[in-house]
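Working notes, beginning with the structure itself.
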Amino acid sequence: MQRVSGLEHRQQPFKIYGNTYYVGTHGLGFVLITSQAGHVLIDGALPESVPQILANIRSLGFRPEDIKLIVNSHAHFDHAGGIAGLQKLSGARVAASNWTAEVMKRGAVPKDDPQFGVIIPIARVAQVEVLKDGETLTAGAVTVTAHMTPGHTPGGTSWVWQSCENGRCLNLVYADSLTPVSADGFLFSGKVYPHALQDFERSFSFLDSTPCDILITAHPDFSNLWQRLEQRNSNPDALIDTTACRVLANSSRERLQKRLAMERSQ
Ligand SMILES: [Zn+2]
């Protein structure tokens, strides 16, 4: 969870690039990657976002029933709350990191979640496959690769895939939240989540090194999606920025340093 305004505000769906579409709300990222043989959906938003997501998918001419795989960024209610409902409707496979899969199966917030005690649990998801770091998943003709990017939660996951347009293929990245947000009293330098700092470092290194032509973030404001989309009116390539992942890594590092300075001063 993060305090970003307009989480549920309606957003007209649009093509990001090639077979990749934005179908989320204005405040919560949600990406559909399509193929003739079935689609992949990244993220699950709020339970109350589901009707809007379904309408967005249909308005693009796709059928939610053709979603074959649902994956997500992290197991907070604003990114995973809608997955149970979306799985029921589509019959899609759901795959997640070990930590996230446990949360989805139990439908409870674990104690090592930095926001334990202040966030609501998600609806339980019936069947969740556990995936490994670097694992590639295929559904229909779509292939996505999972990269563990923990820190915001111990099970955070980012996704990479390629989409092509007129023979030009680009590397797309859906990056998980990397903000050190917590309940009062929780310390990222503390013992409740003992590997938090190594986890963040690992996530920053991933962003520093992954091929990244178009970055989308679990909260779209963190990758300036709306400004870039506006610029696309005059520049068809405005969503492309090969520095975007490294810029996000740097701003996330700074945010963590500020947080740790605050923890030290307490
Ligand atoms: Zn969160």
Side-chain angles (χ1 to χ4, degrees), residues 1-9 24-31 41-50 53 70-84 86 94 96-125 128 146-159 173-188 190 192-193 195-197 199-200 202-204 206-207 215-223 225 248-249 251-256 258-260:
M1 183 184 70
Q2 285 157 342
R3 285 180 203 286
V4 178
S5 62
L7 285 187
E8 287 172 83
H9 289 179
T25 68
H26 194 71
L28 295 170
F30 221 127
V31 162
L41 193 61
I42 305 182
D43 254 352
L46 299 156
E48 51 270 43
S49 322
V50 171
I53 304 307
I70 301 171
V71 295
N72 102 313
S73 55
H74 67 273
H76 284 161
F77 70 95
D78 51 347
H79 303 284
I83 289 180
L86 287 161
V94 175
S97 69
N98 194 23
W99 189 91
T100 298
E102 277 305 307
V103 178
M104 286 180 173
K105 283 188 260 185
R106 290 176 44 217
V109 181
K111 288 206 170 77
D112 60 348
D113 186 320
Q115 295 181 45
F116 173 78
V118 289
I119 50 166
I120 54 169
I122 59 168
R124 286 168 67 168
V125 181
V128 187
H147 290 277
M148 297 304 142
T149 48
H152 180 76
T153 69
T157 311
S158 295
W159 295 91
V173 178
Y174 187 93
D176 186 21
S177 302
L178 285 170
T179 46
V181 179
S182 77
D184 286 349
F186 175 93
L187 297 175
F188 283 93
V192 177
Y193 175 6
H195 306 293
L197 301 184
D199 279 3
F200 269 116
R202 168 187 183 172
S203 303
F204 302 153
F206 159 75
L207 283 177
L215 170 67
I216 305 132
T217 44
H219 287 279
D221 295 299
F222 278 80
S223 45
L225 184 61
L248 179 64
S251 60
S252 303
R253 267 194 189 96
E254 276 172 31
R255 217 174 263 123
L256 181 63
K258 269 189 201 146
R259 165 75 193 218
L260 293 176

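Indexing begins at 1, ligand by ligand and atom by atom, following the structure's order.
As for His76, its N/O/S atom nearest the Zn ion (ligand 1) is the one called ND1. Between the Zn ion (ligand 1) and the N, O or S atoms of His152, the shortest distance is to NE2.
When atom types are taken as modelled, the side chain of Asp43 and the backbone of Ser73 share a donor-acceptor pair closer than 3.5 angstrom. Judged by distance alone, the side chain of Thr153 and the main-chain N or O of Gly155 form a donor-acceptor pair under 3.5 Å.
Here His79 fails the criterion, with no N, O or S atom under 2.8 Å of the Zn ion (ligand 1).
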Applying side chain to side chain donor-acceptor pair (under 3.5 Å) to His76 and Asp113, what does each step give before you reach the verdict?
CA-CA 9 Å; His76 284 161; Asp113 186 320; 2.9 Å; yes

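Val71 has its side chain out of reach of Thr157: every pair of non-hydrogen atoms, C-beta onward, lies at least 4.5 Å apart.
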